[in-house]
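Computation of the quantities below employed the complete heavy-atom set of this structure, encompassing side-chain atoms and omitting hydrogens, waters and symmetry-equivalent molecules.
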Amino acid sequence: MEEARFWALVEELGWGRETTHYPRVRDALCRKLPILEVFAMCQRFEELRRQMHDAIEQWEEKSGQSLPISDDGLLDLSSHLVGLGQKAYERVMGDPVCRS
């Protein structure tokens, strides 16, 4: 899936603005897109989520600090950050503690 298409779909879904109810998001995607595009979007989402997860873990190792969340919580957090859209994703990837 093209990057611009992925982020446009994420923006359209409104995660964090319109809903954080993932079944609603899933259902909207399934109604809107052909199944192969849903799979492509899920695959790209998982790639970005994994990159975010790794970046947060690297920050924890470098800083000697750790977020007070479980592994499940880190999975949820990294998924949430991708769902918030490209600007939020890139901002956190650039500075995991978002000091700027």
Would you give me the side-chain donor-acceptor pairs under 3.5 Å for residues 82-89, sequence neighbours excluded?
unit_1 : atom_1 : unit_2 : atom_2 : d
Q86    : NE2    : E90    : OE2    : 3.0
Y89    : OH     : L48    : O      : 3.3
Y89    : OH     : Q51    : OE1    : 3.1

Identify each donor-acceptor pair in which a side-chain atom of residues 67-76 lies under 3.5 Å from a protein atom, sequence neighbours left out, and give them as a table.
unit_1 : atom_1 : unit_2 : atom_2 : d
S70    : OG     : D72    : N      : 3.4
S70    : OG     : G73    : N      : 3.0

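Taking 4.5 Å as the limit, some side-chain heavy atom of E60 sits within range of a side-chain heavy atom of E57. Between H80 and M52 there is no side-chain heavy-atom pair separated by less than 4.5 Å. The closest side-chain heavy-atom distance from M41 to V10 is below 4.5 Å.
From F6, atom CZ reaches atom SG of C42 across 9.0 Å, with rounding to the nearest 0.5 Å. Atom CG in L29 sits 12.0 Å away from atom CZ in R24 (nearest 0.5 Å). Rounding to the nearest 0.5 Å gives a distance of 7.5 Å between CH2 of W7 and CZ of R44. With rounding to the nearest 0.5 angstrom, the CG atom of L13 is 13.0 Å from the CZ atom of R26.
One finds no salt bridge joining E47 and R50 here, because no Lys/Arg side-chain nitrogen approaches an Asp/Glu carboxylate oxygen to under 4.0 Å. Look at R17 and E11 and you find a salt bridge, because one of the NZ, NE, NH1 or NH2 atoms lies within 4.0 Å of a carboxylate O, short of that distance.
Heavy-atom neighbours of E3 CD from other residues, nucleotides or ligands within 6.0 Å: above the threshold of 12.
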